[in-house]
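Residue numbers start from 1 in every chain, and the chains themselves are labelled A, B, ... in the order their sequence lines are given, proteins ahead of strands. Remember, it's a predicted structure, so these values are computed and weren't measured experimentally.
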Amino acid sequence: MPTIDPTAFSAALLAWYDVHHRDLPWRVSPRQRAAGVRADPYRIWLSEIMLQQTTVAAVKAYYAKFLARWPSVADLAAAPEGAVLAEWAGLGYYARARNLHACAKAVEGEHGGRFPETAAALKALPGIGDYTSAAIAAIAFDEPAAVVDGNVERVVTRLQAIDAPLPGAKPLIRNEVAALTPRERPGDFAQAMMDLGATICTPTRPACAICPVRPFCTATKTAEAERYPVKAKKAAVPARRGAAFVAVRGDGAVFLRKRPGSGMLGGMSEPPTTAWSARADGALGEAAAPFAAEWRLVGEIEHTFTHFKLTLDVWHAAVTGDPAIDGWWSGPENITAEALPTVMRKVLKAASIGTAGTDRRAAEPQTKGKRLHGTG
DNA sequence: AAATCGTGGTA
DNA sequence: TTACCAAGATT
């Protein structure tokens, strides 16, 4: 494997970054940085947690909402977990939101309200692992930590034509990044590597012709950049099936409950659902309902998670009394603020529970989910 | 240490 | 439609 001159490499990369960096809400631009503006650790941390396995486009609106509602780590630490989960609803990987809140409380309770300033200390906090600890340390505290995300893995495996498949090649990649990371401007270097991966060294059809570090790249010499990184193929996702029961009161309120605090959609809200059987053929009738009511099958929804595809039969009932299980009634004016993950919003939509306005019976054509015509 | 954990966009 | 991907962490 050829050795890259770190000084020449980072000079080329940073010169490109100074001109072509992305403008992002949580970012301090190189111009601002040179003028002495420091990144706010809270904002860097918040954005990094949100950006884990999540696109910049999806994060922007959530970042703005969180920052407006909780401008400081103290504000976030003082919030109820349920409020954080509700604000996170729709962004996915909900353990991130639980850990976000736990981390804010740890910073307040154990670190005097200030984020620790080294990657090693940051990594001890909830939700902060190898990547995030290095990123915060580099961007907010100028520590020359090796920042390795998916972008960097792609860039480095191409630079060095690393044929070893991921994730086994991670230690090798990390060492390469550590060797390349400069003492000066380590935060800009990390962000430059990620911007390069996001805009030039893309997964498909990389723009090698305009790449600022092309002279250092082995893979592009043989036009093989697109072959990297090498990854093992993923297994096909199995199918599961279950049922959801949407009870509606006369005033339009829907009965919701809180899911267990850990595991799938941990801590999030839902209309009561059955367990999700590994068998895709599980014919679940109203006998599976959590409480007796005049249940009527009104539709079904499909939702694909990371490791399985779920089909839920959607049952609906008009209810007068209170169910004998834990939960609460959520009125039409409150439903959008509930901690409902996307799959559960699909369920409510299939049961004609609107998320806008109060007329849940509005004749809105069903664009998603199969509308069934039961015995009416 | 392989499995678990969401969602939306795109080829 | 299917498959893969996007600033990974936890157990």
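- As judged by a 4.0 angstrom heavy-atom cut-off over every strand, A/Arg22 is placed among the base-contacting residues.
- Comparing the C1' positions of B/dA1 and C/dG8 gives an interatomic distance of 16 Å, to the nearest angstrom.
- Partners of A/Trp26 according to the ring pair (Phe, Tyr, Trp, His ring centres under 6.0 Å) rule, which considers only residues two or more places apart in sequence or in another chain, are A/Tyr63.
- Under the 3.5 Å distance criterion, with hydrogens and angles disregarded, a donor-acceptor pair is assigned to the side chains of A/Arg27 and A/Gln191.
- Among the heavy atoms of the strands lying under 4.0 Å from A/Thr132 are primed sugar atoms or P, OP1, OP2 only; no base atom is included.
- Contact footprint of chain A on DNA chain B: nucleotides with an atom under 4.0 Å from a non-hydrogen protein atom, first to last in 5' to 3' order, B/dT4 to B/dG8.
- Within the nucleic acid shown, A/Leu24 comes within 4.0 Å of at least one base atom, counting heavy atoms only.
- Contact annotation for A/Ile49: no contact, since no heavy-atom pair falls under 4.0 Å across all strands.
- Note: A/Trp295 and A/Phe291 have tilted aromatic rings, judged against thresholds of 30 and 60 degrees for the angle between ring planes.
- Proximity of a side-chain donor or acceptor of A/Arg158 to a complementary backbone N or O of A/Tyr228 within less than 3.5 Å is detected.
- Residues A/Ala161 and A/Thr218 come closest through the heavy atom pair CB-CG2, 3.7 Å.
- Nucleic acid contact class of A/Gly197 (heavy atoms, under 4.0 Å, all strands): none.
- Judged by distance alone, with hydrogens and angles left aside, the side-chain atoms of A/Trp276 form a donor-acceptor pair with the main-chain N or O of A/Thr274 at under 3.5 Å.
- At distances below 3.5 Å, at least one donor-acceptor pair connects side-chain atoms of A/Thr157 with backbone N or O atoms of A/Arg154.
- B/dC5 sits 22 Å from C/dA6 when the P atoms are compared, rounded to a whole Å.
- Counting non-hydrogen atoms under 4.0 angstrom, A/Val59 reaches nothing in the nucleic acid.
- From the 5' end on, the contacts that DNA chain C makes with chain A at under 4.0 Å to a non-hydrogen atom open and close at C/dC5 to C/dT10.
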Residues 75-92 of chain A, side-chain donor-acceptor partners within the protein, below 3.5 Å, at least two apart:
unit_1, atom_1, unit_2, atom_2, d
A/Asp75, OD2, A/Ser72, N, 3.1
A/Asp75, OD2, A/Ser72, OG, 2.9
A/Glu87, OE1, A/Arg69, NH1, 2.6
A/Trp88, NE1, A/Gly92, O, 2.9

Identify each donor-acceptor pair in which a side-chain atom of residues 105-118 of chain A lies under 3.5 Å from a protein atom, sequence neighbours left out, and give them as a table.
unit_1, atom_1, unit_2, atom_2, d
A/Thr118, OG1, A/Ala121, N, 3.1

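- Nucleotides B/dG6 and C/dC4 place their C1' atoms 15 Å apart, quoted to the nearest Å.
- Within the nucleic acid shown, A/Thr342 comes within 4.0 Å of sugar-phosphate atoms alone, with no base atom in reach, counting heavy atoms only.
- Within the 4.0 angstrom heavy-atom criterion, no nucleotide atom of any strand lies near A/Trp88.
- Checking A/His303 against A/Thr204, the closest nucleotide of DNA chain B that is more toward the 5' end is the one next to A/His303.
- Taking atom C1' on both B/dA3 and C/dA7, the two are 22 Å apart, rounded to the nearest angstrom.
- Within 4.0 Å of A/Arg205, counting heavy atoms only, lies no atom of the nucleic acid at all.
- Listed by first and then second residue, the ring pair (Phe, Tyr, Trp, His ring centres under 6.0 Å) pairs that reach into residues 172-219 of chain A are A/Phe9-A/Phe216, sequence neighbours excluded.
- Closest-nucleotide positions on DNA chain C for A/Leu51 and A/Ile128 were compared, and the one nearer the 5' end corresponds to A/Leu51.
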